[in-house]
There are 2 protein chains.
Amino acid sequence: MLNRSFVRPAARPDWGRRPSADSDAPPFFAGCPGLLVSEFSYGRNACICAEGDPAEYVYQVVRGAARSYRLLSDGRRQIGAFHLPGDVFGLESGPTHHLTIEAIVDTTVRIVRRRALDAAAHADVSVACGLWTMTANDLRHAEDHMLLLGRKTAAQRVATFLLEMDRRLSVAGVVALPMGRGDIADYLGLTLETVSRTVSQLHGDGTLGLSGARQITLRDRERLARMDA
Amino acid sequence: MLNRSFVRPAARPDWGRRPSADSDAPPFFAGCPGLLVSEFSYGRNACICAEGDPAEYVYQVVRGAARSYRLLSDGRRQIGAFHLPGDVFGLESGPTHHLTIEAIVDTTVRIVRRRALDAAAHADVSVACGLWTMTANDLRHAEDHMLLLGRKTAAQRVATFLLEMDRRLSVAGVVALPMGRGDIADYLGLTLETVSRTVSQLHGDGTLGLSGARQITLRDRERLARMDA
DNA sequence: CGCGAATTTGATCGACATCAAGTACCGTGG
DNA sequence: CCACGGTACTTGATGTCGATCAAATTCGCG
């Protein structure tokens with residue numbers, strides 16, 4: 001039943017802390033005066049926050065990527081979302097995190113205290129609406145993903161995934177995936193072998209170009225979109 | 001591929017409109033002065049709102065039940081949630097609905113205008129937080145459901161479903177399901193035959209008591225919870 | 001009571017999982 | 001720069017769970 005190597009979340013690393021600095025990622029709650037933002041880095045596979053932890057911080061990816069997931073008792077894992085540069089994650093309405101979140105590669109994030117954000121929301125309704133909108137966007141993504149997990153075929157899942165990553169991180173027509181086949185499989189509710197086979201097939205029929213397993217060129221977005229249904 | 005009869009959403013019925021009245025369901029945004037609440041009824045399988053519609057109203061179930069879902073182009077359907085008495089649904093942060101919502105049985109809802117709610121949220125931060133919290137609760141449910149759809153076995157899905165319905169609508173130890181096997185299947189990402197077989201098996205081994213297909217007694221919640229993993 | 005819809009049950013099929021090698025890739029150290 | 005080792009990925013053979021196809025039954029309701 002265990003379909004992956006089971007890496008227990010590591011303790012939060014202390015290295016990498018550095019003073020807040022400007023960067024090229026989009027602003028994090030710009031226009032909120034007095035919101036203290038700091039930067040923090042995590043090594044590959046480091047745990048950023050665990051299910052059940054008090055939700056003390058909200059995060060924004062500056063560089064790198066993260067995965068958030070839930071586990072079944074036997075280790076089966078469902079990744080609910082990938083967080084890429086610019087994305088905000090770890091935002092909760094309640095007191096604790098519902099998902100475990102780990103860095104996929106070496107990752108730098110900005111963080112703000114949840115309490116500070118609450119205060120800003122109370123002072124300014126537009127901040128409160130911003131928080132609501134971010135959660136609503138996450139909900140919309142989850143709704144789309146439920147349709148994928150419940151009803152799409154393996155080929156459709158992979159096509160949807162590639163189009164999503166193309167939209168979110170393609171540069172010069174090339175998608176440079178930060179995550180491996182195992183993470184993709186746990187995101188799509190498949191096994192890594194099925195993901196690999198499906199990608200190979202799309203490569204074989206010319207829909208994809210590959211330069212290494214993680215450098216993918218979408219040669220036929222039309223066809224991918226048609227598969228997606 | 002079509003795994004269900006395909007009923008196109010009916011037009012919103014006009015019958016059933018009645019003056020706002022107190023009822024036994026929990027209060028709908030209690031403590032918001034000047035929020036005009038009215039009541040509205042829908043027949044079995046009537047469409048309450050469709051994907052893409054402007055999100056003009058927010059709803060609360062008074063009596064009955066509703067399903068919200070998305071469709072693939074070939075008619076495969078994924079139900080994201082069931083809405084039972086007391087539940088608020090159709091709440092959007094953006095301008096349009098993302099899911100189609102239909103009455104499962106004859107259903108009465110309370111409605112408030114989305115604009116009125118926005119106004120109340122701007123006047124009172126606690127209302128804004130309440131809206132955020134409701135969306136966050138929906139998100140949590142969706143996260144749980146992604147784990148179910150992506151990684152649980154058929155038996156685990158049915159067990160999870162029965163425990164959810166037990167929690168949400170059991171009266172005197174009996175769960176009276178408003179929805180049929182087809183709706184359950186589209187909620188759990190299975191076929192109706194698989195749902196039926198799994199329920200039959202749980203009945204056979206004494207875990208469930210049945211009085212008609214939709215009157216279910218959970219005789220062994222412990223076992224269901226253990227199956228659920 | 002009788003009709004149509006919902007549900008159950010049975011037989012078979014197929015998509016994806018599992019088990020099992022083999023191969024490519026990448027970082028490290030010689 | 002290349003050899004090495006480990007991890008990630010690919011590919012192949014086989015198995016299985018749930019889907020599909022196809023009848024019975026049963027249920028709910030007029």
Side-chain angles (χ1 to χ4, degrees), chain A residues 1-7 43-45 72 74-78 104-106 148-159 161 176-204 208 210-216 227, chain B residues 1-7 43-45 72 74-78 104-106 148-159 161 176-204 208 210-216 227:
Chain A
M1 273 294 183
L2 279 165
N3 62 4
R4 52 181 290 272
S5 67
F6 195 109
V7 180
R44 185 172 129 88
N45 295 326
L72 249 21
D74 64 358
R76 278 173 291 168
R77 179 179 68 155
Q78 180 61 46
I104 294 172
V105 293
D106 290 356
L148 178 148
L149 293 170
R151 291 305 184 203
K152 287 188 183 178
T153 64
Q156 290 179 317
R157 294 178 201 212
V158 171
F161 171 76
L177 298 175
M179 74 291 284
R181 297 291 187 258
D183 283 343
I184 298 171
D186 283 351
Y187 181 58
L188 300 180
L190 300 169
T191 58
L192 86 180
E193 292 95 330
T194 298
V195 172
S196 180
R197 267 184 253 273
T198 306
V199 170
S200 292
Q201 191 183 317
L202 291 170
H203 181 224
L208 302 178
L210 297 180
S211 359
R214 300 188 187 192
Q215 301 281 328
I216 302 185
M227 287 174 58
Chain B
M1 273 299 185
L2 280 164
N3 61 2
R4 51 180 290 272
S5 67
F6 195 110
V7 180
R44 186 171 126 88
N45 295 325
L72 250 21
D74 64 359
R76 277 173 291 168
R77 180 178 68 154
Q78 179 61 47
I104 294 173
V105 293
D106 290 356
L148 178 148
L149 294 170
R151 291 304 183 203
K152 287 187 184 181
T153 64
Q156 289 178 317
R157 293 179 201 213
V158 171
F161 171 75
L177 297 175
M179 73 292 285
R181 297 291 186 258
D183 282 343
I184 298 170
D186 283 352
Y187 181 59
L188 300 180
L190 300 169
T191 59
L192 64 93
E193 293 94 329
T194 297
V195 172
S196 180
R197 267 184 254 273
T198 307
V199 170
S200 292
Q201 191 183 316
L202 290 170
H203 182 225
L208 302 178
L210 297 180
S211 0
R214 299 188 187 193
Q215 301 281 328
I216 302 184
M227 288 175 57

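Chain A is the first sequence line, chain B the second, and so forth, proteins listed ahead of strands; every chain is numbered from 1.
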Once you build an axis from the first five pairs and another from the last five of the helix from dC1(C)-dG30(D) to dG30(C)-dC1(D), how far apart in angle are they, to 10 degrees? 50°
Atom pair CG (Leu190(B)) and CZ (Phe161(B)), whose distance is rounded to the nearest 0.5 Å: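 Atom-to-atom, Leu190(B):CG and Phe161(B):CZ are 11.0 Å apart.
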Within this structure, what is the OG1-CZ distance for the pair Thr194(B) and Arg157(B), rounded to the nearest 0.5 Å?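 The CZ atom of Arg157(B) is 10.0 Å from OG1 of Thr194(B), to the nearest 0.5 Å.
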Can you name the closest pair of heavy atoms from Arg44(A) and Ile104(A) and give their distance? CG-O, 3.4 Å
Testing the basics here: between Met227(A) and Leu202(A), what is the closest heavy-atom pair and its distance to 0.1 Å? SD-CD2, 3.9 Å
Between dT8(C), dA6(C), dC9(D), spot the one nearest the side chain of Arg181(A), thanks.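 Nearest to the side chain of Arg181(A) among the choices is dC9(D).
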Measuring from the side chain of Ala213(B) (C-beta onward, heavy atoms only), which nucleotide among dA8(D), dT8(C), dT10(D) has the closest atom?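 So the nucleotide nearest the side chain must be dT8(C).
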If only side-chain N and O atoms of Ser200(A) are considered, is one of them under 4.0 Å from the OP1 or OP2 phosphate oxygen of dT11(D)?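 Yes, within the criterion.
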Does dC26(C) have its OP1 or OP2 closer than 4.0 Å to a side-chain nitrogen or oxygen of Arg214(A)?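 For dC26(C), neither OP1 nor OP2 has a side-chain N or O of Arg214(A) closer than 4.0 Å.
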Atom pair distance, as rounded to whole Å: [atom1] in [X] and [atom2] in [N]:
{"X": "Arg76(B)", "N": "dA15(C)", "atom1": "CZ", "atom2": "P", "value": "12 Å"}
{"X": "Gln201(B)", "N": "dT9(C)", "atom1": "CD", "atom2": "P", "value": "11 Å"}
{"X": "Leu210(B)", "N": "dA6(C)", "atom1": "CG", "atom2": "P", "value": "18 Å"}
{"X": "Asp106(A)", "N": "dC26(C)", "atom1": "CG", "atom2": "P", "value": "16 Å"}
{"X": "Gln215(A)", "N": "dC9(D)", "atom1": "CD", "atom2": "C1'", "value": "15 Å"}
{"X": "Leu192(A)", "N": "dA24(C)", "atom1": "CG", "atom2": "C1'", "value": "15 Å"}
{"X": "Leu208(B)", "N": "dT8(C)", "atom1": "CG", "atom2": "C1'", "value": "15 Å"}
{"X": "Asp183(A)", "N": "dA8(D)", "atom1": "CG", "atom2": "P", "value": "10 Å"}

Output all residues satisfying side chain to side chain contact (heavy atoms under 4.5 Å, CB included) with [X], sequence neighbours left out; order by chain, then residue number.
{"X": "Ser196(B)", "value": "Ser200(B)"}
{"X": "Gln215(B)", "value": "Val174(B), Ala176(B), Ser211(B)"}
{"X": "Arg181(B)", "value": "Leu177(B), Ile184(B), Leu192(B), Val195(B), Val199(B), Ala213(B)"}

Does Arg151(A) form a salt bridge (Lys or Arg N to Asp or Glu O under 4.0 Å) with Asp186(B)? I'd like the steps, not just the answer. CA-CA 8 Å; Arg151(A) 291 305 184 203; Asp186(B) 283 352; 2.6 Å; yes
Protein-nucleic acid N or O pairs under 3.5 Å, nucleotides 17-19 of chain D:
| from | atom 1 | to | atom 2 | distance (Å) |
| --- | --- | --- | --- | --- |
| dG18(D) | OP1 | Ala154(B) | N | 2.7 |
| dA19(D) | OP1 | Thr191(B) | N | 3.4 |
| dA19(D) | OP2 | Thr191(B) | N | 3.3 |
| dA19(D) | OP2 | Thr191(B) | OG1 | 3.0 |
| dA19(D) | OP2 | Thr194(B) | OG1 | 2.4 |

Over all strands shown, is Gly212(B) touching base, sugar-phosphate only, or nothing at heavy-atom distances under 4.0 angstrom? nothing
Set of side chain to side chain donor-acceptor pair (under 3.5 Å) partners for Thr198(A), sequence neighbours left out: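 Once residues adjacent in sequence are excluded, Thr198(A) has no partner under the side chain to side chain donor-acceptor pair (under 3.5 Å) criterion.
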